[in-house]
Number of protein chains: 2
Amino acid sequence: MAESTDLHRALEGLRSRGLRLTRPRRLILERLSADGAHASAEALYESLRSRRHRLGRATVFRTLKLFARLGIATGEAPAAPRRRFEVAAGKTHHDHMTCLRCGAVLEFVSPAIERLQRAEARRRGFVMQGHALEITGLCRCCAAARSRP
Amino acid sequence: MAESTDLHRALEGLRSRGLRLTRPRRLILERLSADGAHASAEALYESLRSRRHRLGRATVFRTLKLFARLGIATGEAPAAPRRRFEVAAGKTHHDHMTCLRCGAVLEFVSPAIERLQRAEARRRGFVMQGHALEITGLCRCCAAARSRP
DNA sequence: TTGAATGCAAAAGATTTGCACCGTC
DNA sequence: GACGGTGCAAATCTTTTGCATTCAA
């Protein structure tokens with residue numbers, strides 16, 4: 001039921017753009033719809049490939065990217081392709097705001113947010129060990145620059 | 001001043017474990033201490049390497065990993081090495097709790113946290129476009145399993 | 001039929017590992 | 001002097017791209 005709804009929605013999204021609902025796309029969508037999957041491209045590739053049907057790794061990546069672009073699927077894309085480091089000594093925990101235009105990183109702390117996170121975890125019996133919050137967008141300068149002609 | 005403090009602290013951390021404060025380690029620590037850097041391994045490698053001094057890419061990665069282990073530096077390590085996707089259709093925005101033991105992903109929504117994030121961004125003139133919050137730790141099952149002998 | 005989509009293989013990007021040599025303690 | 005650390009190159013892992021072929025519309 002949920003699957004067929006997803007499928008119809010996806011079909012619309014594709015057709016309205018002159019794109020096609022192919023076998024690989026249907027398979028990936030079905031697998032992703034099942035059991036609220038949070039799957040990686042590799043996991044999908046492994047589980048969908050079989051002796052009977054061929055499927056390319058590249059197709060899975062291409063399809064996921066397409067789905068993300070169309071809003072059919074989402075994937076937590078990291079703001080930075082590379083892992084970023086910073087000194088920790090003498091610093092307390094903090095979170096980040098990353099500017100997507102200039103790459104600037106602002107640090108911020110919100111005790112209230114920390115508290116709420118802890119509460120949410122506790123409510124679910126989840127033993128919280130760490131957390132990472134990243135807000136993406138435009139820093140003050142870049143926002144100003146963009147709004148200018 | 002802050003740099004020499006960091007350096008001393010790091011030296012302690014290293015020595016107490018029988019590790020050495022070498023040239024590459026000092027350089028990386030200094031560069032990381034400067035201007036509140038949020039730098040990638042590649043960026044550090046590029047900026048520290050020169051015709052006068054040789055420096056290996058591997059050393060930078062090894063050193064950062066070591067620093068992270070010793071608490072001298074931190075880097076937002078993603079809970080999953082691979083990007084994970086999920087269907088978006090019909091779903092509203094939500095955040096994740098990832099179990100580091102079994103890999104389970106719990107979705108949760110906290111309007112209060114969302115609100116606070118928006119407020120923090122606004123306060124800094126940051127135009128928020130997106131955000132990702134991931135809480136890592138142990139899910140109920142794994143926490144229970146671990147506390148058993 | 002025809003252009004979009006696929007599978008494969010090769011490339012690219014990020015990080016890790018093996019190993020002989022080097023430098024800190 | 002011993003042993004931890006380094007540089008280099010090769011290996012790994014994840015994702016992307018080029019291209020001839022296939023297939024949905």
Side-chain angles (χ1 to χ4, degrees), chain A residues 7-8 10-29 31 38-70 72-73 75-85 103, chain B residues 7-8 10-29 31 38-70 72-73 75-85 103:
Chain A
L7 220 130
H8 284 148
L11 188 54
E12 301 277 298
L14 291 170
R15 263 214 303 233
S16 70
R17 270 160 250 244
L19 305 175
R20 297 168 183 174
L21 181 61
T22 60
R23 220 182 93 78
R25 288 180 182 171
R26 195 160 6 85
L27 284 175
I28 291 170
L29 185 60
R31 182 54 55 99
H38 291 76
S40 66
E42 185 64 21
L44 289 167
Y45 171 69
E46 292 293 354
S47 81
L48 292 177
R49 157 196 270 304
S50 73
R51 317 123 212 76
R52 309 191 46 190
H53 302 297
R54 306 194 314 176
L55 174 68
R57 215 180 237 98
T59 299
V60 180
F61 278 99
R62 277 189 289 235
T63 301
L64 288 172
K65 198 184 249 185
L66 173 72
F67 282 1
R69 201 159 2 105
L70 297 185
I72 294 171
E76 349 80 50
R82 300 168 182 163
R83 188 174 173 190
R84 285 175 321 204
F85 291 84
Chain B
L7 221 131
H8 285 146
L11 188 54
E12 301 276 297
L14 291 170
R15 262 215 303 234
S16 69
R17 270 160 250 243
L19 305 175
R20 298 167 183 175
L21 182 60
T22 59
R23 220 184 92 79
R25 288 181 183 171
R26 193 159 9 84
L27 284 175
I28 291 170
L29 186 60
R31 182 54 54 97
H38 292 75
S40 66
E42 184 64 21
L44 288 167
Y45 171 70
E46 292 292 354
S47 81
L48 292 177
R49 157 197 270 303
S50 72
R51 317 120 211 79
R52 310 190 45 189
H53 302 297
R54 305 195 314 177
L55 174 68
R57 215 179 236 98
T59 299
V60 180
F61 278 100
R62 276 189 289 236
T63 301
L64 288 172
K65 199 185 247 183
L66 173 71
F67 283 0
R69 201 160 359 106
L70 298 185
I72 295 171
E76 351 78 51
R82 300 169 182 162
R83 188 174 173 191
R84 286 175 322 204
F85 290 84

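All values below come from the heavy atoms of this structure, side chains included, with hydrogens, waters and symmetry mates left out. The shown structure was predicted, so the numbers you read here are calculated from the model rather than taken from an experiment. Note on naming: letters A, B, ... go to the chains in the order of the sequence lines (proteins, then strands), and numbering restarts at 1 for each one.
- Between the CG atom of B/Leu29 and the P atom of D/dG5 there is a distance of 15 Å, rounded to whole Å.
- Side-chain contact between A/Arg15 and A/Leu21 is absent, with no heavy atoms from C-beta onward closer than 4.5 Å.
- Between B/Arg57 atom CZ and D/dA11 atom P the separation is 17 Å, expressed in whole Å.
- Taking CG of B/Leu70 as the start and CD of B/Glu12 as the end, the distance is 12.5 Å to the nearest 0.5 Å.
- Across the protein-nucleic acid pair, B/Leu14 atom CG and D/dC3 atom C1' stand 16 Å apart, rounded to whole Å.
- One side chain, B/Ser47 or B/Arg31, offers a donor N or O that lies under 3.5 Å from an acceptor on the other.
- Taking atom CZ on B/Phe85 and atom P on D/dT14, their separation rounds to 14 Å, with Å as the unit.
- In this structure, the CG atom of A/Leu70 is 14 Å from the C1' atom of C/dA5, given to the nearest Å.
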Name each donor-acceptor pair under 3.5 Å that joins a side chain in residues 56-66 of chain B to protein atoms two or more places apart or in another chain, with its distance.
unit_1	atom_1	unit_2	atom_2	d
B/Arg57	NE	B/Glu42	OE1	3.0
B/Arg57	NH2	B/Glu42	OE2	3.2
B/Thr63	OG1	B/Thr59	O	2.7

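- Listed nucleotides: C/dG7, D/dT15, D/dG5. Nearest to the side chain of A/Leu55: C/dG7.
- Separating the CG atom of A/Leu48 from the P atom of C/dG7 is a distance of 11 Å, rounded to the nearest angstrom.
- Distance NE2 (A/His53) to P (C/dC8): 14 Å, rounded to an integer number of Å.
- The structure places CZ of A/Arg26 at 10.0 Å from CG of A/Leu11, a figure rounded to the nearest 0.5 Å.
- Residue contacts for B/Arg17: at a heavy-atom cut-off of 4.0 Å it reaches no nucleic acid atom on any strand shown.
- When the P atom of D/dT15 is taken as reference, atom CG of A/Leu44 falls 11 Å away, rounded to whole Å.
- If you check C/dG7, C/dT6, D/dG5 against the side chain of A/Thr63, the one that comes closest is C/dT6.
- Interatomic distance, B/Ile28 CD1 to B/Phe67 CZ, rounded to the nearest 0.5 Å: 6.0 Å.
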Quick one: what's the B/S/- string for nucleotides 17-25 of chain D, heavy-atom cutoff under 4.0 Å, read 5' to 3'?
BB-----BS

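- Considering only residues two or more places apart in sequence or on other chains, A/Arg23 meets the side-chain hydrogen bond (donor to acceptor under 3.5 Å, both in side chains) condition with A/His53.
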